[in-house]
Enquirer: 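Before we start, here is the structure in question, set down as structure tokens.
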Amino acid sequence: MTVPKAELHNHLEGTAPPALIATLAARNGIALPTGLIQGDAFGWTGFAGFLQAYDQASTAIRRAEDYRDVTVAYLEACAADGAIYVELAASPDHAAANGLDYPGMVAGIAEGIAAARAATGIEARILITAVRHHGEERVATVARLAAAHPHPLVTGFGLAGDEAHIPASRMAKAFQIATGDAGLGATVHAGEAAGADSVADALTLPVTRIGHGVRAIENDAVLARLIERGTVLEVCPTSNVATGVYPTLDHHPLPRLLEAGVRVTLNSDDPPYFRTSIGHEYTLAASTWGLADKTLTAITRAAVEAAFVDEETRAQLLARIPQPTDG
Ligand code: ADE
Ligand code: ZN
């Protein structure tokens, strides 16, 4: 498919395929748990099992050069799929647990972005992601780290982790720091492992985007608020089936969200865990829901319009996407 693509939602540690995780583990002298890697796949069951496998695999990513290598591998794969822009969500908590400080993590990713950009022309930015089940204080500390170490490629702040048990609104202080002191764009996982109430709760935060957000479909009033605010959903269809949010893609609400007028984007989330890629998400959207190239192109444009980039970069990216009247 020749449609240019853009991805706003992934987890950098979760983009590294099993072979790369195995290479990094060997390079760092780390033993991975038995059963984590099963052939060319990660072994896990259920949402909690997925988060655990993700944490375990992340222990192989320990140094700035590991972050660089994971970044280059992912961005080059995205560029080969036709992506022109990718936001990489990186977790300082995972880096810290492996002995790497925030500046080291960011420096490694920035080096990877520069290398991939030089090799392929792809553009990328870094989102700093906090983990809600690490607690309010730690989430605020992650936001403070971003504020204390400004970097031109770090442009956003997000919140991942156990949505089912922890409402995002508890992290209001962290979002205030991230969007105020640090001047970052903000997004939050909601409406994935919990329903429309969780999306409504997330909308009390200063966010312009929601990670997933698909379960807003369960409540017309929440859907109306998304439309009214112009909040952009970072939709990850294959992820939602893999983690059991929906039994099959036929049950997925993406076509109904589009129909209702919600601004949606397509994303891979943690691609090797879910056996997907950004290119595969676009191909599936065409084959499952019959989305035409012009709709997919509009989805890419919506992603770039919602991207956490400066206006000059946004204009350059938009110039790479065909206009509805082109051709
Ligand atoms: N961390 C990594 N992937 C995630 C997801 N899909 N939801 C919540 N937290 C995550
Ligand atoms: Zn996610």
Side-chain angles (χ1 to χ4, degrees), residues 7-15 55 58 61-64 66-68 70-71 85-114 123-163 166-190 201-211 229 231-232 234 306-314:
E7 176 165 86
L8 302 181
H9 188 122
N10 60 57
H11 301 263
L12 181 60
E13 299 83 2
T15 67
D55 286 347
S58 299
I61 310 169
R62 309 187 75 80
R63 300 165 196 261
D66 301 340
Y67 270 94
R68 176 199 63 204
V70 169
T71 300
Y85 179 73
V86 173
E87 287 181 5
L88 305 163
S91 164
D93 284 354
H94 286 79
N98 299 322
L100 181 64
D101 63 11
Y102 178 96
M105 179 193 84
V106 170
I109 302 168
E111 220 185 290
I113 290 174
E123 192 53 83
R125 292 291 183 273
I126 304 166
L127 310 191
I128 296 305
T129 203
V131 182
R132 65 221 289 164
H133 55 265
H134 292 177
E136 286 154 60
E137 259 324 299
R138 184 62 205 166
V139 170
T141 298
V142 171
R144 278 190 206 100
L145 278 170
H149 301 277
H151 187 288
L153 291 179
V154 173
T155 57
F157 179 78
L159 185 68
D162 183 4
E163 181 200 358
I166 302 159
S169 57
R170 261 190 223 164
M171 312 300 166
K173 185 164 75 178
F175 278 87
Q176 200 184 350
I177 295 166
T179 58
D181 305 2
L184 301 173
T187 178
V188 57
H189 281 67
D201 172 80
L203 287 175
T204 63
L205 297 169
V207 295
T208 55
R209 302 182 349 207
I210 302 253
R229 281 178 52 144
T231 307
V232 170
E234 304 156 3
F308 297 147
V309 283
D310 57 276
E311 294 312 316
E312 191 185 334
T313 305
R314 193 185 323 280

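Computation of the quantities below employed the complete heavy-atom set of this structure, encompassing side-chain atoms and omitting hydrogens, waters and symmetry-equivalent molecules.
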Enquirer: Which heavy atom of Ala190 sits nearest to which heavy atom of Ile210, and what is that distance?
Expert: O-CG2, 3.6 Å
Enquirer: Check Gly161 against Val131 and note the closest heavy-atom contact, atom names and distance.
Expert: CA-CG1, 4.2 Å
Enquirer: Which distance, rounded to the nearest 0.5 Å, do you find between the CG of Asn10 and the OG1 of Thr15?
Expert: 6.5 Å
Enquirer: With rounding to the nearest 0.5 angstrom, report the CD1 to CD distance, Ile126 to Glu87.
Expert: 10.5 Å
Enquirer: With a 3.5 Å cut-off and no angle check, do the side chains of Thr187 and Glu234 form a donor-acceptor pair?
Expert: yes
Enquirer: Indicate yes or no for a side-chain donor-acceptor contact from Asp310 to the backbone of Glu312 under 3.5 Å, with no hydrogens or angles considered.
Expert: yes
Enquirer: For residues Ser91 and Tyr67, report the shortest heavy-atom separation together with the two atoms involved.
Expert: O-OH, 4.1 Å
Enquirer: Looking at Arg209 and His9, would you say the former's side chain and the latter's main chain have a donor-acceptor pair under 3.5 Å?
Expert: no
Enquirer: Using the test side-chain hydrogen bond (donor to acceptor under 3.5 Å, both in side chains), find all partners of Ser169 that sit at least two apart in sequence or belong to another chain.
Expert: Asp201
Enquirer: Please report, to 0.1 Å, the donor-acceptor pairs under 3.5 Å made by any side chain of residues 135-146, with sequence neighbours excluded.
Expert:
unit_1: Glu137; atom_1: OE2; unit_2: Lys173; atom_2: NZ; d: 3.0
unit_1: Arg138; atom_1: NE; unit_2: Asp93; atom_2: OD1; d: 2.7
unit_1: Arg138; atom_1: NH2; unit_2: Asp93; atom_2: OD1; d: 2.9
unit_1: Thr141; atom_1: OG1; unit_2: Glu137; atom_2: O; d: 2.9

Enquirer: Does the gap between the ring centers of His11 and His94 come in under 6.0 Å?
Expert: no
Enquirer: Just how far is it from atom CG of Asp66 to atom CG of Leu100, taken to the nearest 0.5 Å?
Expert: 8.5 Å
Enquirer: Measure from the side-chain N and O atoms of Arg314 to the backbone N and O of Val309, and report whether any donor-acceptor pair falls under 3.5 Å.
Expert: yes
Enquirer: Look up atom CE in Met105 and atom CZ in Arg68, then write down how far apart they are to the nearest 0.5 Å.
Expert: 16.0 Å
Enquirer: Out of curiosity, Leu88 CG to Leu127 CG, how far, rounded to the nearest 0.5 Å?
Expert: 7.5 Å
Enquirer: Could you walk me through whether Thr129 and Glu13 pass the side chain to side chain contact (heavy atoms under 4.5 Å, CB included) test, one step at a time?
Expert: CA-CA 11 Å; Thr129 203; Glu13 299 83 2; 5.5 Å; no
Enquirer: Using every non-hydrogen atom in the two residues, find where Thr71 and Leu12 come nearest and quote the distance to one decimal.
Expert: OG1-CD2, 3.6 Å
Enquirer: Taking all heavy atoms of Ala202 and all of Val188, pick out the closest pair and write down the distance.
Expert: CB-CG1, 3.6 Å
Enquirer: First locate atom CD1 of Ile166, then atom NE2 of His133, and finally report the distance between them rounded to the nearest 0.5 Å.
Expert: 7.0 Å
Enquirer: Ignoring hydrogens and angles, write down the donor-acceptor pairs under 3.5 Å from the side chains of residues 147-157, residues two or more places apart or on other chains.
Expert:
unit_1: His151; atom_1: ND1; unit_2: Leu153; atom_2: N; d: 3.0
unit_1: Thr155; atom_1: OG1; unit_2: Phe308; atom_2: O; d: 2.7

Enquirer: Are the side chain of Asp181 and the backbone of Gln176 linked by a donor-acceptor contact shorter than 3.5 Å?
Expert: no
Enquirer: If we ignore hydrogens and angles and just use 3.5 Å, is the side chain of Arg125 paired with the main-chain N or O of Ala307 as donor and acceptor?
Expert: no
Enquirer: Provide the closest heavy-atom pair for Ala172 versus Leu205 in the form atom of the first, atom of the second, distance.
Expert: CA-CD2, 3.7 Å
